[in-house]
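Chain letters run A, B, ... following the sequence lines, proteins first and then strands; every chain starts at 1. Please read these numbers as outputs of a predicted model, since none were measured by experiment.
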Number of protein chains: 2
Amino acid sequence: MSRVVRDSIQILQAQGYKVTKPRRQVLEVLEEVQRPLSPYDIQRLLRQEGKYLNHVTIYRILDLFCCLNLAHKVLSSGGFVKCSLEGKGGCHRLMVCRCCGALQEFASEGLCQEENELAQNSGFHTEYHLSESSGVCSDCYKKQ
Amino acid sequence: MSRVVRDSIQILQAQGYKVTKPRRQVLEVLEEVQRPLSPYDIQRLLRQEGKYLNHVTIYRILDLFCCLNLAHKVLSSGGFVKCSLEGKGGCHRLMVCRCCGALQEFASEGLCQEENELAQNSGFHTEYHLSESSGVCSDCYKKQ
DNA sequence: TCATAATTGCAATAATGTTGCATTTAACAT
DNA sequence: ATGTTAAATGCAACATTATTGCAATTATGA
Ligand SMILES: [Mn+2]
Ligand SMILES: [Mn+2]
Ligand SMILES: [Zn+2]
Ligand SMILES: [Zn+2]
């Protein structure tokens, strides 16, 4: 079991949520594939491993995970809402490879500050932000 | 008719697309409300004005507008894909007010460059990026 | 092992997206 | 103006995604 999954389970417990089989399974599959997955993607992947989860359950689990910052939503190619495991705390700078779908996450205090300042210049009070880049990852770039 | 709408119509013509009533109506409503709208949002708004457009038509029109950069998709509160008229060319830095849904767009060469550099450090080749901030606009901030 | 509240699954329904084809319409030539 | 034609729209049918209420199940702590 990976570190991220173990941490997530601990957070669930600490907050008084049950550590159920469905919740573990969703965590595992998100960690396994390392790219954004929609609720139905998750259902399909689990089914391939012979595990069945009702889609409603998956929706509710993902809602909870987002609430607890164990996962978050990203805008992916095609515009669908996907979820991926949270990497570093609070960061939402993502790079999605348009070839293989791989997702990388990185943090930048500098960028955050600059963005906030620019927003404030027009009177906007930022509470949260998300930045997504679409492009080609290093692996896919080599293969071309 | 606003400047943005006029420009958009000209682009349609220049590229050999027909300037139809449905296309004009979608342009107008997007310009009117100044916030992101889903295809069905647009249908509902137009219906309120006594105008009827089939949802399939709206999907096709929005696809075209995105292609021509007359509109683009944003990740809005709740995760739905919305569209708004394109402001300045190529820019995709958005601020969405979580109170009133108002959307502002701004450009920043500096931010773009910095983001690209950071991405390249991990071997990622950026082709396109989107940055969205959620928060409170100046109007809503005053009212609180 | 038992009690209990939290969680899940199920059924029904709603909302959103997609495709093929008949009908209409904007643009252009007469 | 009128007719011609390709492009665009509307319609029907269908597929996928999302939400809600309630009964059955399960993780937790006593
Ligand atoms: Mn993140
Ligand atoms: Mn833009
Ligand atoms: Zn890749
Ligand atoms: Zn506002």
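- For B:Tyr59 and D:dG10, the OH to P distance is 15 Å, given to the nearest whole Å.
- Rounded to whole angstrom, the span from the CD1 atom of A:Ile61 across to the C1' atom of D:dT26 amounts to 13 Å.
- Spacing between atom CD of B:Gln15 and atom P of D:dA7 amounts to 15 Å, rounded to whole angstrom units.
- With rounding to whole Å, A:Leu12 atom CG is found 15 Å from C:dA6 atom P.
- What separates CZ of A:Arg47 from C1' of C:dG9 is a distance of 14 Å, to the nearest Å.
- Within the model, atoms SG of A:Cys97 and CD of B:Glu127 stand 8.5 Å from one another, a figure rounded to the nearest 0.5 Å.
- Among the nucleotides D:dG10, D:dA18, C:dT18, the one closest to any side-chain atom of B:Val56 is C:dT18.
- Of the inter-residue distances, the one linking A:Gln43 atom CD with A:Tyr59 atom OH reads 9.0 Å to the nearest 0.5 angstrom.
- With respect to B:Arg60 and B:Asp63, no salt bridge is recorded, no charged nitrogen being found less than 4.0 Å from a carboxylate O.
- Between B:Arg44 and C:dT16, a side-chain N or O to OP1/OP2 separation shorter than 4.0 Å is present.
- Smallest separation of non-hydrogen atoms from A:Val5 and A:Leu27: CG2-O, 4.1 Å.
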After noting the C-alpha distance and the side-chain angles of A:Leu12 and A:Leu64, does the key distance pass the side-chain contact (heavy atoms from CB on, under 4.5 Å) rule?
-> CA-CA 10 Å; A:Leu12 281 175; A:Leu64 176 66; 3.9 Å; yes

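- Remark: A:Tyr40 is not in phosphate contact with C:dG17, judged by side-chain N or O atoms under 4.0 Å from OP1 or OP2.
- At whole-Å resolution of the value, CG in B:Asp63 and P in D:dA8 are 13 Å apart.
- At whole-Å resolution of the value, CG in A:Leu62 and P in C:dT7 are 15 Å apart.
- Residue A:His55 places no side-chain atom within donor-acceptor reach of the base of D:dT16, judged by atom type and a 3.5 Å distance cut-off alone.
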Protein-to-nucleotide contact annotation, 5' to 3' order, nucleotides 21-30 of chain C [B base; S sugar-phosphate only; - none; under 4.0 Å, heavy atom] = ----BBS---

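- Ionic pairing of A:Asp139 and A:Lys143 is not present here: no N-O contact between side-chain nitrogen and carboxylate oxygen is shorter than 4.0 angstrom.
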Kindly determine whether B:Met1 and B:Glu31 satisfy side-chain contact (heavy atoms from CB on, under 4.5 Å), including the steps that lead there.
-> CA-CA 10 Å; B:Met1 198 200 301; B:Glu31 174 67 9; over 6 Å; no

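- Rounded to an integer number of Å, the gap from A:Tyr52 OH to D:dT25 P is 15 Å.
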